[in-house]
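Because the structure is predicted, anything quoted here is derived from the model rather than measured. Protein chains get the first letters and strands the later ones, always in sequence-line order, with residue 1 at the start of each.
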Amino acid sequence: MRDFLSVLNSEQYDAVTHEGSPLLILAGAGSGKTRVITTKIAYLIKEKNVDPYSILAVTFTKKAANEMYERAIQIEEKAKYSQIKTFHSFGAWFLRMYGDVIDIPSNFTVYDDDDMVTLITKSTVGLTRQQASHYAHKISLAKDYCYGPDDLMLDEIDSDQNFRLVYRAYEKRLRSTGNVDFGDLIMLPVKILTENNLIRQRLLQRFRVIMVDEYQDSNVAQFKLLESLSGYGSNLSENPAYVCVVGDDDQSIYKFRGAEVKNILNFKSIFPNTKIIRLEKNYRSKSEILAVADDIVKNNNDRLGKKLSAERGNGKLPVLAFLPNQDEEAKFCADLIEQTHEMGIPYNEWAILYRTNAQSLSFESEFLKRRIPYTVVGSLKFYEREEIKDLLAFLALIVNSKDEIAFRRIINKPTRGIGATTQEKIINSARNEGIYDFVKYAKEHCESFSKKTSESIKSFVLMMENFYKTITEELKPLETPKKLSVLIDEICENSGLKEYHAADDEISGTQRVLNMQELSNSASLYDCTTEGLLAFLDHIELDRTLEKPEEENIDKVTLITLHNTKGLEFKRVVITGMELGIFPRQDKTGEDLEEERRLCYVGVTRAQNELYMTSCASRRMYGRTEFVLPSTFLKEINKDNLRILGHIPSSFKSNTEFHGGDYGKNGLSHPTFDDPIKEKYKVGTNVFHDEYGSGVVVNSVYSEENEVVITIQFENNSRKKFLPKYQENSLLVIKE
DNA sequence: CCCGTCGTTATTTTT
DNA sequence: TAACGACGGG
């Protein structure tokens, strides 16, 4: 057996060496699926003489794609000739090559959600930004299902006929810009492949092996892309490509974005003779952590079902801590991190997980106070910052002068005396004449405006022309090629953007100029040519995470949303905010609740050595302090699989036997015995209130001041909260 | 055109 | 609570 194959277990080996029929690998969390894919790529090249050029492997994130690429070429260098990309960058690559058959120019850029909303407000007049944003979401979803504005099935997304009209107007306007949105990157290649036999045949000849990672999160459009690329489905080829997908139905967490678990459940029916291989050996987590994960996920009905075995053996019992409020929760986490740090555990072994980005705040302020270094993953959204979007709009307009959104964004920013009225005039009359090159139109028609306006337009056009010159200039002999950062610096200086944002830095203490510099730095890897610029924009649009290389090696705690942890692992994990209404969110039932449960499963299975979960009795939300109950997921965990700290809410205890709190340090010595008031008004107790009448106690928690707070549901359907301490005279307990 | 104030509104979101 | 958009006055 070859070296690189000898490290595999028998199922992994089977998956790597399987051939002859479609392959579905059901890979549990931490079961080494990336190793399987990368080894399979190497194996095909090394042992099976497959041309690396004919292998296509797609994933969802740039990060995962990069990792796959790096690990594959480590085993087999020739893998660098394979296409290892994200779904969307594959779509962009495809469209730049074949888009012309449906009139998509090869110099398109990709509009993000924000640009979509702006374009919708311009293509359908009278919509508020909020309405437009609602439609934008629906249009994205429709594209995830491959439904165009005239598709009969569109009603399944939203049967409101206005939606159809808005979608149609948006499409028309979008096409006139020559740009595409994210949905188009998948939907349009599908359209081309299904309508154009020649191109489909060419691609089928090119890609003989197609692999998909994180398959559980693929949407219908991506499924269709896989189908048509590989020669399956309605255009079944006599010689289809070899298809291998890897996924875990238990980790599907993007249904709200059009991901269809059905793609995994129905794989067999579209790809005949599918071989299914399960990878159930977990090499990541200690057995106690997997026990908790299994307790939770087994409550889902909609799953193929599997049981992970812990190859790393036993470790510590996961900890569940009940805490009074989110400030205590932050302190609890900070205590854990500080105490272990004193014992030599680095910060970067810790990850704090939460459901919503807003929850990071209390951890950030506590960590800041205690000087615990941390990094917030995902919420930064570097490319959504105003100053960055401004710069990118200049770049986008330089490659594509039909880009209406970019034109609107920068024509008068910073203010150069081309106001809203002038802008609308230029855009509308240009559009009426069927001209979409707004810069050119403005240049040719500026005389129709007042002298002052006309001068402003002229100087704007001149500036744009100079930028254009910078990237198209022929290289003089012996001159070193310029880098793209030259163009960005030029834009910063000459457009006035730098001054404009510098002023903001002074006032609000932001770092906008620095951010602009950062963008310029990252552009220094690209040539100062149209091709270089397009590649740079592709890179940005298809990978919204800016990596700051110099910060990579600093020892920091990771603060991250549960969604963002997909594919990651940490030595020690704290899942915070395990409360009903927060996680799972209040409105989740049925299938949606199952998705929340999978999200919880994903969170738990990120932990390698230690897992902590925290649940607060009260939480500040929207400026209000609400009393909250423990998450339903906590009750699903077998009590023997947890060590419980803090005082246990009675609503939890009713499902679990008392375990005893033993957490005396860190100022967390809350009473772990029942106090008489709490016992007297425990959940389920029938009461009579002088003012409100008969009712029943539905909730009982401790306040921040450690006082018992009960919620009573009265017969007239009202709910009220009381401090029983002060209700001795008006609140009567009714004995059965 | 800039700035302040008031009122509204809060998921998750690989690309 | 906080953050952001809408609107009106200077």
Side-chain angles (χ1 to χ4, degrees), chain A residues 58-67 85-92 110-114 116-117 121 128-130 132-133 136-137 140-141 143-144 180-187 213-219 221-222 225 251-259 326 353-362 365 377-379 381 383-384 386 412-421 500 503-504 507-508 538-545 560-568 577 581-588 592 595-596 598-600 602-603 619-626:
Chain A
V58 287
T59 63
F60 284 80
T61 65
K62 195 89 174 182
K63 198 172 177 181
N66 287 342
E67 193 189 333
K85 291 179 129 80
T86 65
F87 256 117
H88 291 264
S89 62
F90 173 78
V110 185
Y111 279 146
D112 67 13
D113 294 353
D114 206 55
M116 253 181 111
V117 174
T121 58
T128 64
R129 221 182 146 75
Q130 199 179 37
S133 157
H137 177 242
S140 296
L141 201 61
K143 290 192 174 187
D144 285 344
V180 299
D181 58 26
F182 276 113
D184 286 339
L185 289 177
I186 310 298
M187 185 175 163
D213 193 11
E214 304 285 8
Y215 183 70
Q216 76 282 351
D217 284 321
S218 62
N219 58 39
Q222 287 159 338
L225 184 61
Q251 293 188 68
S252 165
I253 54 174
Y254 283 101
K255 186 165 166 266
F256 69 97
R257 280 199 62 130
Q326 70 217 54
L353 277 47
Y354 37 79
R355 179 65 233 269
T356 64
N357 277 314
Q359 285 166 253
S360 74
L361 216 79
S362 53
S365 47
V377 175
S379 76
K381 297 191 179 152
Y383 295 107
E384 279 165 37
E386 187 187 337
N412 198 34
K413 191 172 190 179
T415 328
R416 47 175 73 88
I418 309 172
T421 331
Y500 176 85
D504 197 84
I507 303 162
S508 331
D538 254 13
H539 165 81
I540 286 169
E541 280 147 3
L542 303 177
D543 180 13
R544 314 302 297 263
T545 56
I560 190 168
T561 61
L562 284 149
H563 278 91
N564 267 321
T565 62
K566 191 165 100 168
L568 304 179
I582 309 289
F583 186 38
R585 290 191 62 79
Q586 202 90 74
D587 49 351
K588 303 283 177 173
D592 290 342
E595 175 143 318
E596 293 274 304
R598 290 192 293 269
L599 188 57
C600 187
V602 167
R619 185 168 287 274
R620 273 194 314 278
M621 282 185 84
Y622 312 142
R624 217 173 252 277
T625 300
E626 298 274 358

Checklist outcome for this item: Here the distance between atom P of dT12(B) and atom CG of Leu562(A), to the nearest Å, is 11 Å
Checklist entry - If you measure from the ring centre of Phe60(A) to the centre of the six-membered ring in the base of dT15(B), is it under 5.5 Å, with the planes under 30° apart? => result no
Next on the checklist: Of the listed nucleotides (dT12(B), dT15(B), dT14(B)), which one gets closest to any side-chain atom of Lys566(A)?
Outcome noted: dT14(B)
For nucleotides 7-11 of chain B, list the nitrogen or oxygen atoms of the protein found under 3.5 Å from its nitrogen or oxygen atoms, one pair per line.
unit_1  : atom_1 : unit_2    : atom_2 : d
dT11(B) : O2     : Arg585(A) : NE     : 2.9

Next on the checklist: Distance check needed: dT12(B) C1' versus Leu141(A) CG, whole Å only.
Outcome noted: 14 Å
Item to check | Candidates dT13(B), dC1(B), dT14(B) - which lies nearest the side chain of Thr415(A) | outcome: dC1(B)
Item to check | Separation of dC4(C) C1' from Glu386(A) CD (nearest whole Å) | outcome: 13 Å
Next on the checklist: From CG of Asn66(A) over to C1' of dT15(B), roughly how many Å is that when rounded to an integer?
Outcome noted: 14 Å
Checklist entry - So, is Thr86(A) near the phosphate of dT14(B), with a side-chain N or O under 4.0 Å from OP1 or OP2? => result no
Checklist entry - dT14(B) C1' sits how many Å from Leu185(A) CG, rounded? => result 14 Å
Next on the checklist: Under 3.5 Å for both pairing distances: what stems, at least three Watson-Crick or G-U pairs long, include DNA chain B?
Outcome noted: B:1-10 with C:1-10
Checklist entry - At under 4.0 Å between heavy atoms, what does Tyr254(A) touch on the DNA or RNA strands: base, sugar-phosphate, or nothing? => result base
Next on the checklist: I need the CG-P distance between Asp114(A) and dG5(C), as an integer number of Å.
Outcome noted: 9 Å
Checklist entry - Of the nucleotides dT13(B), dC1(B), dT15(B), which one has an atom closest to the side chain of Asn412(A)? => result dC1(B)
